[in-house]
Amino acid sequence: MAQKKRTKIPLYETHQRILEVQWIDAQSEDDWQLLDKIDTTPMYIKTIGYFIEKTDVDLIICRSLSSDKGLEGRFHIPLKCIKKTKKIR
């Protein structure tokens, strides 16, 4: 039995880098709390996405890319919040 040929999905002409970004997120609460009960533990986040751009202020990634060069889920992470980046692809 012949193997079915795989169809290549047409995305960007250049290969987009995929990054794993480890960063500290800002936090807030919407109710009253006693000062001695405030949780001061940082919220560490791990995000994976397609690299779009790095500016003087932030790293821009997105969740999805389309064949018409569109993107979805654009996400700006402030550079000062980033603890580590790792190239996935």
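All heavy atoms count here, side chains included; hydrogens, waters and symmetry mates do not.
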task = Identify the two heavy atoms, one from Pro42 and one from Ile24, that lie closest to each other, and give their separation to 0.1 Å.
result = CB-CG2, 4.1 Å
message = Measuring from atom CZ of Arg17 to atom OH of Tyr50, what distance do you get when rounded to the nearest 0.5 angstrom?
response = 14.0 Å
Please set out all donor-acceptor pairs under 3.5 angstrom arising from side-chain atoms of residues 80-88, sequence neighbours excluded.
none

query = Rounded to the nearest 0.5 Å, what separation is found between the NE2 atom of His76 and the SG atom of Cys62?
reply = 10.5 Å
inquiry  = Distance check, rounded to the nearest 0.5 Å: Trp23 atom CH2 versus Thr47 atom OG1?
reply    = 5.5 Å
query = Looking at CD1 of Ile52 and CG of Asp58, how far apart are the two atoms once the value is rounded to the nearest 0.5 Å?
reply = 12.5 Å
task = Calculate, to the nearest 0.5 Å, the distance between atoms CD1 and CD1 belonging to Ile61 and Ile48 respectively.
result = 9.0 Å
inquiry  = For the OG atom of Ser66 and the CG atom of Leu71, what is their distance to the nearest 0.5 Å?
reply    = 7.5 Å
query = Would a distance-only check, ignoring hydrogens and angles, find a side-chain to backbone donor-acceptor pair under 3.5 Å from Glu53 to Leu59?
reply = no
ask   = So, the side chain of Gln27 versus the backbone of Thr41: is there a donor-acceptor pair under 3.5 Å, distance only?
value = yes
ask   = Going hydrophobic residue to hydrophobic residue with side-chain gaps under 4.5 angstrom, can you get from Val57 over to Leu19?
value = no
query = Is there side-chain contact between Ile60 and Arg74, with at least one heavy-atom pair below 4.5 Å?
reply = yes
query = Under 3.5 Å, side chain of Arg89 to main-chain N/O of Gln16, donor-acceptor pair present?
reply = yes
query = Would you find more than 12 non-hydrogen atoms of other residues, nucleotides or ligands less than 6.0 Å from Asp56 atom CG?
reply = no
